[in-house]
Each structure stands twice: as structure tokens, then as C-alpha cells.
Visitor: 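To start, I am sharing the structure in question, which I have written as C-alpha cells.
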Amino acid sequence: MSINYQDRIPNNVDLGSNRTLQRALEHWQPEFLKWWEDLGPKDFQVADVYLRTATSVDAKGWATYGYVRMPEYRWGIFLNERDPNRRIGFGDNYGQEVWQQIPGEYRATLRRLIVTQGDTEPASVEQQRMLGHTAPSLYDLRNLFQVNVEEGRHLWAMVYLLHAYFGRDGREEAEELLERHSGDTNKPRILGTFNEPIRDWLSFFMFTYFTDRDGKFQLKSLAESSFDPLARTCQFMLTEEAHHMFVGDTGINRVVKRTLEVMKELNSDDSQVIRNAGAIDLPTVQRYLNFWFTSSLDLFGSETSSNAASYFANGLKGRPDEAQYEDHVAIEQSYQLDLPDGSGGTKSEQIPMRNAMNEVTRGSYVRDCEIGVKRWNRLIEKSGHSFRLTLPSTRFRRSIGNWAGVPTTPEGVAISAEQFAAHKQQWLPSESDQAFILSLMHGVHQPGKMAAWIAPPDRGINNNPVDYEYVKLH
Ligand code: BYC
């Protein structure tokens with residue numbers, strides 16, 4: 001297939017004038033399409049989906065909407081406009097000119113960061129590939145596919161950087177991004193959460209609320225990078241990312257809303273009664289929240305990290321919203337950490353601030369997560385119920401960092417392994433919870449109709465009504 005890249009791949013990087021890059025992408029594109037066909041959304045490749053496509057970086061109108069078959073989506077390459085005055089914003093080289101090319105000594109590290117970022121994008125598409133069958137409405141089906149094609153575009157964004165700046169190594173890494181697969185025992189995705197199966201829509205909403213939000217904070221950190229093309233790429237990716245978190249936030253909101261309606265109709269908050277009526281009881285929502293929030297906490301890495309310290313020192317990866325901090329060098333500051341003392345208690349330790357950058361970012365993330373939880377709780381409170389959703393402690397159910405493998409309560413109090421096992425069913429989705437949630441998952445594919453376990457959204461997409469035919473199935 002011969003491709004006119006100027007037409008087929010909307011871009012603002014002047015692809016047409018760079019023959020080497022063009023050839024590299026020509027080689028990669030059919031492999032990407034084959035991957036999309038094999039591991040992208042199953043069975044909906046010929047559907048016409050009402051999708052947003054990024055077509056420029058203009059703040060006022062960067063996207064166009066229209067019906068597209070997903071394999072024909074125009075996966076474009078966009079970087080925010082270059083700011084000729086941009087300077088390095090943190091670390092040892094603070095105030096110097098940003099880099100348009102990669103300094104040799106940082107090549108391997110930057111490649112690793114870009115590959116780790118890139119790996120998550122196709123991973124999430126793989127995790128979600130079966131969800132189309134059980135979408136609670138056409139509106140939701142469209143949102144799922146919107147998220148999927150944009151994760152595909154974010155993969156393109158990272159592959160562009162690998163091809164344009166890392167030569168042969170970069171091309172090999174780009175191929176491997178399509179060879180590792182979510183949950184594959186031999187070649188899994190790099191980060192833990194991206195190997196977890198997503199079989200149901202409650203998990204999908206939790207993932208888009210909590211895990212896409214890790215994406216937001218990691219992209220914000222990389223948007224500070226001294227390597228200017230990476231920074232500009234991530235800045236633009238954040239524009240799309242907002243919708244993904246909106247899908248999660250409003251999705252959970254609608255689940256809670258529907259549950260409250262059923263609680264009111266039946267005048268009961270008994271979980272079994274709510275379940276019998278086909279809605280999701282709030283304690284089950286809490287258990288799914290516990291699972292995905294804690295899994296996403298691990299994505300920030302260890303509390304104490306020499307990797308994070310050197311990313312910061314070298315100006316490769318900053319703190320989200322670095323400008324809000326007073327001291328951008330952070331060499332003399334320290335950070336107070338509460339760590340397990342090995343005998344069931346905690347000890348306080350002071351570590352150099354640069355080594356605590358993962359923890360600083362995790363803290364900002366947790367505060368951001370709280371905003372949605374407050375909103376969902378307002379709904380519950382308004383309905384007159386005392387139940388509250390809560391974020392568990394950052395010590396709970398951790399697999400990475402100092403609290404990895406330390407059993408605690410959701411409040412973060414260390415307990416014995418036996419006590420944890422005895423309460424696990426109360427705190428995390430049990431097999432029977434999962435079976436129940438799966439039993440609710442049936443595709444609803446008529447315009448405007450909703451599954452019984454979720455309330456309709458307040459409004460449709462791009463000023464269209466909720467009952468718009470967002471996906472035309474053939
Ligand atoms: N699972 O010093 P450490 C997104 C590895 S989501 C497995 O503690 P460091 C999206 C780590 O790689 C955003 N391994 O922390 C969301 C390192 O391995 P190596 C994705 C883990 O190095 C939804 C070792 O442990 N972007 O965009 O600072 C849908 C020691 O690490 C995990 C990024 O993550 C884990 N959870 O790593 C679609 C940005 N955590 O190098 C998309 C790029 C840590 O020793 N990545 N490890 O073999 C990074 O900035 C950093 O590598 C990390 C933290 C944030 C992952």
C-alpha cells in the first residue's frame with residue numbers, strides 16, 4: 001500500500017520533507033495496522049464510529065468529529081508549537097537552553113522512559129479489546145473506541161520520537177512495542193497494571209479514572225523534560241487525555257447515581273437487595289476502587305528512587321507542574337517518609353528530595369483522585385445515605401516500593417498476613433463480586449437505551465443528544 005503521509009497522517013512535524021523518517025514509518029505502519037486488527041477492539045472494525053480526530057494543535061479547534069471506521073482512523077503526529085524561549089526548568093542544568101537533539105549521555109535513559117510510556121498505550125487497548133460486546137449504551141461504546149484510537153495515537157507519538165531521534169535502536173524498540181502484549185506470560189507489558197485484565201465496564205471506568213490519571217501525571221512530568229520534542233509531544237497528549245479521565249469520572253458517577261435510584265425505589269441499602277434489582281451495591285464499587293487505585297499507585301515507582309533522582313538532576317523528567325515549586329534545583333531539600341519498620345510499625349526517615357520525586361508525584365496524584373471521590377460522595381450524601389467512598393491509604397495492597405508485600409488495612413495500619421486474608425473479601429473484589437459484575441454485562445446497542453446498572457449521561461458528545469447513533473453497527 002502506498003501512502004501519502006501528508007494526507008493519511010495529519011501532522012505538524014513536516015513528515016513529507018524527511019525521507020528517512022517517512023521510510024521508517026512506512027515500514028512500521030502496516031505492522032501497527034496488523035496489531036490493531038489482531039489485538040484492537042474485537043469485532044467492531046467495520047462499524048462507523050462517531051470519533052474525534054486530532055487535526056491541529058490550535059487551542060480553539062484542534063479536533064474534528066465525524067463517522068470513521070476505526071482501521072481508517074487518521075493517527076496523526078502532533079507536537080505543541082515550539083517556544084523558542086523555552087529553558088530547562090529544573091535540575092542541574094536549570095536555566096540552560098532546552099535540547100532539540102538528545103545529548104549522547106542521556107540517550108539510553110530517555111529511550112527507556114519513552115519506551116515505558118509508549119508501552120502503556122497499546123497495552124490499554126489490548127486490555128479493553130473485548131469490552132465492545134458488553135457496552136451499556138452506544139454512547140459508552142463510542143467513548144470506549146474514542147479512548148482506544150487515541151491510545152493508538154499516543155503510541156504513534158512515542159514511535160515518532162523513537163524513529164526520529166533514536167536511529168536503529170529506536171526502530172527496534174518501536175517494533176517491540178507491538179510484540180509485548182498485555183498479560184502475555186512470555187512477553188508481558190512493562191508495568192504491572194497494564195497486565196491486569198479488564199473484563200467489565202466497572203473496571204473500565206475505574207481504569208480510566210485512576211490509571212489514565214497516572215498517565216496525566218507521568219505526561220505532565222515528561223512535559224517538563226529538557227528534551228524539547230518529548231515535552232511538546234506530551235503537552236499535546238494531555239489535551240486528549242482529559243476526555244479519558246472524564247469517561248472514568250462520569251462513568252463511576254453514573255453507576256453511583258443509578259444505585260442510589262434503586263436504593264430509593266426499594267427503600268433499602270442491603271447489598272443483596274440492590275444486586276437482585278440489577279444495580280451495583282456501593283460496597284462493591286468501593287472494592288473495585290480499592291483494586292484499581294492501589295494498582296495505579298504502584299505505577300509511580302518506589303518511594304525512594306535513585307532513578308528518579310537522576311532523571312531530575314539531568315533534566316529528563318521533572319515534577320508535574322514544576323513551575324509551582326520555588327526551588328527547581330531541589331538539592332538541599334529533604335522529604336520525610338513513613339516507612340515500615342519491619343516489625344509491624346512505622347519509622348520516619350528523611351531522604352534527599354531528589355530521591356523522593358516519585359513520592360512527590362504520587363502525592364499530587366492522590367490529591368487529584370480525591371476530587372472525583374468527593375463529587376461521588378456528594379451524590380450519596382444528597383440522597384441521605386451515610387455510606388462514603390474513600391481512597392485507601394497509599395500503604396494498602398502495594399506491590400512496588402517500601403510497602404510492597406506489607407499487609408495493612410485500607411487505612412494503612414499494618415496487620416498480620418492472616419488478618420489480611422481474613423478481611424480480603426471485604427476490601428477487594430472477590431470471585432463472587434466479579435461473577436456478579438460480569439453477569440450484568442450485556443451489550444445495549446440501541447440508540448438512547450442504557451443498561452439497568454448505569455444512569456444515562458447528562459449530555460451527549462459534541463452537542464449531540466444522548467440518543468444519537470454514536471456507533472452505526474453493520
Ligand atoms: N510495574 O526506581 P523505581 C499512561 C520498575 S500511564 C513494574 O522505583 P522509576 C496510560 C521501573 O521501571 C503512564 N515495574 O522507579 C494510562 C524500574 O525498572 P528498571 C506511563 C515497575 O525507575 C492509561 C524499577 O522498577 N508512563 O500513560 O522511577 C492508559 C525501579 O524503579 C513499576 C510512565 O510510566 C510497576 N508498577 O520508575 C494508557 C512514564 N514501577 O528501569 C496510557 C515513564 C516501577 O530498573 N516511566 N517499576 O528496569 C517512568 O517515568 C518511570 O520508569 C516509572 C517509575 C514511573 C515507571
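Order of appearance sets the numbers: ligands from 1, and atoms from 1 within every ligand.
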Visitor: Among Ala404, Ser305, Ser310, which residue places a heavy atom closest to atom 2 (O) of ligand 1?
Guide: Ser305
Visitor: Can you pull out the closest protein heavy atom to atom 48 (O) of ligand 1? Residue, atom name and distance to 0.1 Å, please.
Guide: Arg112 NH2, 3.3 Å
Visitor: Nearest protein heavy atom to atom 31 (O) of ligand 1, by residue and atom, and its distance?
Guide: Asn307 ND2, 3.9 Å
Visitor: Among protein heavy atoms, which lies nearest atom 7 (C) of ligand 1, and at what distance?
Guide: Ile190 O, 3.5 Å
Visitor: Can you tell me which residue and heavy atom of the protein come closest to atom 53 (C) of ligand 1, and the distance to 0.1 Å?
Guide: Leu299 O, 4.1 Å
Visitor: Suppose we screen for side chain to side chain donor-acceptor pair (under 3.5 Å). Which residues come up paired with His328, at least two apart in sequence or across chains?
Guide: Glu322
Visitor: Looking only at distance, does Ser306 have an N or O less than 3.5 Å from an N or O of ligand 1?
Guide: no
Visitor: Counting non-hydrogen protein atoms only, what is the nearest one to atom 44 (C) of ligand 1? Give residue, atom name and distance.
Guide: Gly301 CA, 3.9 Å
Visitor: For atom 13 (C) of ligand 1, find the nearest protein heavy atom and state the residue, atom name and distance (0.1 Å precision).
Guide: Asp214 OD2, 3.3 Å
Visitor: Is ligand 1 less than 4.0 angstrom away from at least one heavy atom of Val147?
Guide: no
Visitor: Assess whether atom CZ of Arg87 is packed by more than 12 heavy atoms of other residues, nucleotides or ligands within 6.0 Å.
Guide: yes
Visitor: Examine ligand 1 and decide if any of its atoms is less than 4.0 Å from a heavy atom belonging to Phe217.
Guide: no
Visitor: Are side-chain heavy atoms of His243 and Arg52 found at a separation under 4.5 Å?
Guide: yes
Visitor: Just need the protein heavy atom nearest to atom 10 (C) of ligand 1, so name the residue and atom and give the distance.
Guide: Thr120 OG1, 3.7 Å
Visitor: What residue and heavy atom of the protein are closest to atom 21 (C) of ligand 1, and at what distance?
Guide: Leu191 CD2, 3.7 Å
Visitor: Once salt bridge (Lys or Arg N to Asp or Glu O under 4.0 Å) is applied, what residue pairs with a partner in residues 286-295 remain, sequence neighbours excluded?
Guide: Arg287-Asp433
Visitor: Arg398 vs Glu303, test: salt bridge (charged side-chain N to carboxylate O under 4.0 Å, His left out). Steps then yes/no.
Guide: CA-CA 11 Å; Arg398 292 291 302 280; Glu303 287 78 359; 3.5 Å; yes
Visitor: N/O to N/O below 3.5 Å, does that happen between Gln117 and ligand 1?
Guide: yes
Visitor: Taking only heavy atoms of Phe207 into account, list the atoms of ligand 1 that are under 4.0 Å away from them.
Guide: 23 (C), 29 (C)
Visitor: Could you tell me whether His154 approaches ligand 1 through its side chain, its backbone, both or neither, with non-hydrogen atoms closer than 4.0 Å?
Guide: neither
Visitor: If we set the cut-off at 4.0 Å for heavy atoms, which region of Ser302 has an atom near ligand 1: side chain, backbone, both, or neither?
Guide: both
